[in-house]
Amino acid sequence: MTVREAAEKLEKLEQKLNAYNHAMGVMYYDSATAAPAGSAAGRGETLGVLSGTYYELFAAPDVGVLLETILSNRDEIDTLTAKKAEIMKRDYDETSKIPQEEYVAFTKLCSDAENVWHRAKKENDFAAFAPYIDQIVETLIRFAGYYSPGQDPYDVWLSQNERGLTQKTLDAFFESLRGKIVPLLQRIQAEGIEIDDSFLHQEYPIEKQKAFSDYLMQVMQIDRNYCAIGETEHPFTTNFNKYDVRITTHYYTEHPEFSMYSVIHEGGHALYELHTGDELIGSCLATGTSMGVHESQSRLFENMVGRSEAFISYIFPKMQEIFGPQLQNVTAHQMYLALNKCEPSLIRTEADELTYALHIMVRYEIEKKLFKGEAKAKDLPGLWAEMMRAYLGIEVPDDTSGVLQDSHWSNAQMGYFPSYAIGSAYAAQFVAHLKRDIDMEKAISSGNLKPVEDWLCEKIWRFGRGMDPEEILLNACGEPFNPTYYTDYLEEKFSAIYGLK
């Protein structure tokens, strides 16, 4: 087989793999947004069949030969095809090491787990969900042994989400972060001005919130021809290709800010996916490079754009127009302060920007214990309550607002949570360098986010998986990862908001 023939076969294979991924992705989106509660069993069976066929296509020995043929003759093929083969070989080496029956069983396990999680959260019934956590952790530890024998299993999954990330790196990162956040939080509580956010806790009709969501997507320049918005219990973004991206939100009548920032956060994810290079369409490169870089984009838009005074001042007249009486005696500056109010809370997705990372630390410490065998699922409610008390100083009243609040573990997304904190730190570093090239505040205050998005597209989005995280950082910032940008940003912003000297 010549390298040209191998490249042609690779392209045809990717078309088939994309079709199966598309079908399974639509089923997942449907299950989270529209499917009836009792439909899980049949969907699980269908996903089992589809994932089995996907495995047979992708993990076949001749695929390994095809990829090796291309990679051993890189000088005879174009750079893009070679990069696709390189990334696919990375994925192939992992998937092909898992026995097919285990791969299929795990797909079905996760489908069942998510369905049980939805019910368990609604009914505050952690005991119903707990066995799935144990099964998922056991499977992930076993799979890690297939992928990288001898390596710490949790490090394997951290690296799956953020290539090269380890517990050693994260332990140092979180220790530094906590050392900055906790004293700053204590100063705010002791010395900071009082911020009134009572006007946010009135009744904001859902239909008006939906209209506001449409407006926010318009301001973010999200093309609605290629991006839809749905409703679900736990907001997420999924992409089938760059011309079909879906975001979701959840509306609360007396908390319009919750959906507002879900839309902006998920919108950041969507912008990344909508702007991968056209030349990557249909390939394994046509998506974000890592969870950390992906979260950097959602957190950048949610916080550094969406919670900035320039942004709030620009959108506030529209908020008053849509919501009317609730905001008639409120100013844009009061809204800015209210939307940045710092107060430890139970729910991660509703946490303020400063204390958010403390929520991530709770999950990270619990995941480490699960993978080390120091805890089982039955221990998690107690561990959760203990850590929330220690890190955020609050009591957990029930499992629905505690250990059951996130969907990630039902989807086997262990090692994912740290990417939110790493992503926030990446975002601060990206913004620091973005501001050296463009007047970011002027762009935001004028309601024209195009210069910001053009910079991000040029430096990050267009490459998809074509660059690893460290390459993206060097391309965008000209330097490796430096978390100091993040801690400096938090200290400067919240000291100013709370009038600290």
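We use all heavy atoms of the structure for the numbers below, so side chains are in, but hydrogens, waters and symmetry mates are not. Keep in mind the model is a prediction, meaning the values are calculated, not measured. Along the sequence shown, residues are numbered consecutively beginning with 1.
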Evaluation steps, side chain to side chain contact (heavy atoms under 4.5 Å, CB included), between Tyr251 and Ser213
CA-CA 10 Å; Tyr251 296 103; Ser213 293; 3.0 Å; yes
Do [X] and [Y] have a side chain donor and acceptor closer than 3.5 Å?
X: Thr166; Y: Thr169; result: yes
X: Tyr252; Y: Glu257; result: no
X: Asn482; Y: Gln429; result: no
X: Asp398; Y: Thr400; result: no

Regarding Arg299 and the six-membered ring of Tyr356, is the cationic atom NZ or CZ under 6.0 Å from the ring centre and inside 45° of its axis?
yes
Do Arg178's NZ or CZ and the ring of Tyr391 fall within the cation-pi criteria of under 6.0 Å and 45°?
yes
Sub-6.0 Å ring centroid separation between [X] and [Y]:
X: Phe258; Y: His255; answer: yes
X: Tyr103; Y: Tyr55; answer: yes
X: Phe236; Y: His269; answer: no
X: Phe301; Y: His265; answer: no
X: Phe58; Y: Tyr20; answer: no

Is a side-chain N or O of [X] found less than 3.5 angstrom from the main chain of [Y], in a donor-acceptor match?
X: Trp117; Y: Asp406; answer: yes
X: Glu273; Y: Gly288; answer: yes
X: Glu8; Y: Glu5; answer: no
X: Asp468; Y: Glu471; answer: no
X: Trp157; Y: Leu140; answer: yes
X: Thr355; Y: Ala351; answer: no
X: Asn239; Y: Asn241; answer: no
X: Asn161; Y: Gly292; answer: no
X: Ser72; Y: Thr69; answer: yes
X: Lys97; Y: Tyr147; answer: yes

Basic-acidic side-chain contact under 4.0 Å: [X], [Y]:
X: Lys372; Y: Asp152; value: no
X: Glu458; Y: Arg462; value: yes
X: Asp112; Y: Lys108; value: yes
X: Arg307; Y: Glu302; value: yes
X: Glu76; Y: Arg4; value: no
X: Arg389; Y: Glu386; value: no
X: Arg142; Y: Glu102; value: yes

Quick one, [X] and [Y] - any side-chain contact, counting heavy atoms below 4.5 Å?
X: Tyr146; Y: Pro99; result: yes
X: Trp384; Y: Asp399; result: no
X: Gln297; Y: Leu271; result: no
X: Leu177; Y: Leu358; result: no

Within 6.0 Å of [atom1] in [X], more than 12 heavy atoms from elsewhere:
X: Gln151; atom1: CD; value: yes
X: Lys180; atom1: NZ; value: no
X: Glu101; atom1: CD; value: yes
X: Lys368; atom1: NZ; value: yes

Run the side chain to side chain donor-acceptor pair (under 3.5 Å) check on Tyr489 and Glu353 step by step: do they pass?
CA-CA 11 Å; Tyr489 158 78; Glu353 187 179 5; 2.5 Å; yes
Audit row: Glu231, Lys210, salt bridge (charged side-chain N to carboxylate O under 4.0 Å, His left out) steps and yes/no
CA-CA 10 Å; Glu231 294 178 56; Lys210 289 181 178 180; 3.1 Å; yes
Quick one, Thr232 with Thr33, criterion side chain to side chain donor-acceptor pair (under 3.5 Å). Give me CA distance, side-chain angles, the key distance, then yes/no.
CA-CA 5 Å; Thr232 189; Thr33 57; over 6 Å; no
Pick one: which of Glu453, Met217, Glu266 meets side chain to side chain contact (heavy atoms under 4.5 Å, CB included) with Ile222?
Met217
Let me see the working for Lys459 and Asp454 under salt bridge (charged side-chain N to carboxylate O under 4.0 Å, His left out), right down to the final yes or no.
CA-CA 9 Å; Lys459 304 290 186 178; Asp454 285 350; over 6 Å; no
Evaluate the ring planes of Phe417 and Trp409, with Trp represented by its six-membered ring, and classify them as parallel (under 30°), tilted (30 to 60°) or perpendicular (over 60°).
perpendicular
What orientation do Tyr416 and His408 show, parallel under 30°, tilted 30 to 60°, or perpendicular over 60°?
perpendicular
Would you sort out whether Asp171 and Tyr364 count as a side chain to side chain donor-acceptor pair (under 3.5 Å), showing the intermediate values?
CA-CA 10 Å; Asp171 286 345; Tyr364 171 61; 2.8 Å; yes
What's the verdict on side chain to side chain contact (heavy atoms under 4.5 Å, CB included) for Ile281 and Tyr243, showing C-alpha distance, side-chain angles and the deciding distance?
CA-CA 9 Å; Ile281 292 174; Tyr243 296 114; 3.6 Å; yes
Could you check Ile133 against Lys376 for side chain to side chain contact (heavy atoms under 4.5 Å, CB included), going step by step and ending with a plain yes or no?
CA-CA 8 Å; Ile133 292 182; Lys376 289 289 187 182; over 6 Å; no
Could you walk me through whether Asp91 and Lys89 satisfy the salt bridge (charged side-chain N to carboxylate O under 4.0 Å, His left out) test, starting with their C-alpha distance in whole Å, then the side-chain angles of each, then the deciding distance to 0.1 Å, before giving a yes or no?
CA-CA 5 Å; Asp91 296 341; Lys89 182 66 164 55; over 6 Å; no
Evaluate side chain to side chain contact (heavy atoms under 4.5 Å, CB included) for Leu67 paired with Leu10, printing each intermediate quantity in order.
CA-CA 8 Å; Leu67 294 169; Leu10 176 66; 3.9 Å; yes
Passes salt bridge (charged side-chain N to carboxylate O under 4.0 Å, His left out), Lys84 versus Glu14? Steps please.
CA-CA 10 Å; Lys84 287 194 295 184; Glu14 283 195 300; 3.6 Å; yes
Locate the shortest heavy-atom distance separating Leu71 from Glu86; write the atom from each residue and the value.
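Minimum heavy-atom separation between Leu71 and Glu86: CD2-N, 3.7 Å.
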Do Ser159 and Arg163 pass the side chain to side chain donor-acceptor pair (under 3.5 Å) test, and can you show the C-alpha distance, the side-chain angles, and the key distance before you say yes or no?
CA-CA 4 Å; Ser159 188; Arg163 189 166 173 79; 5.4 Å; no
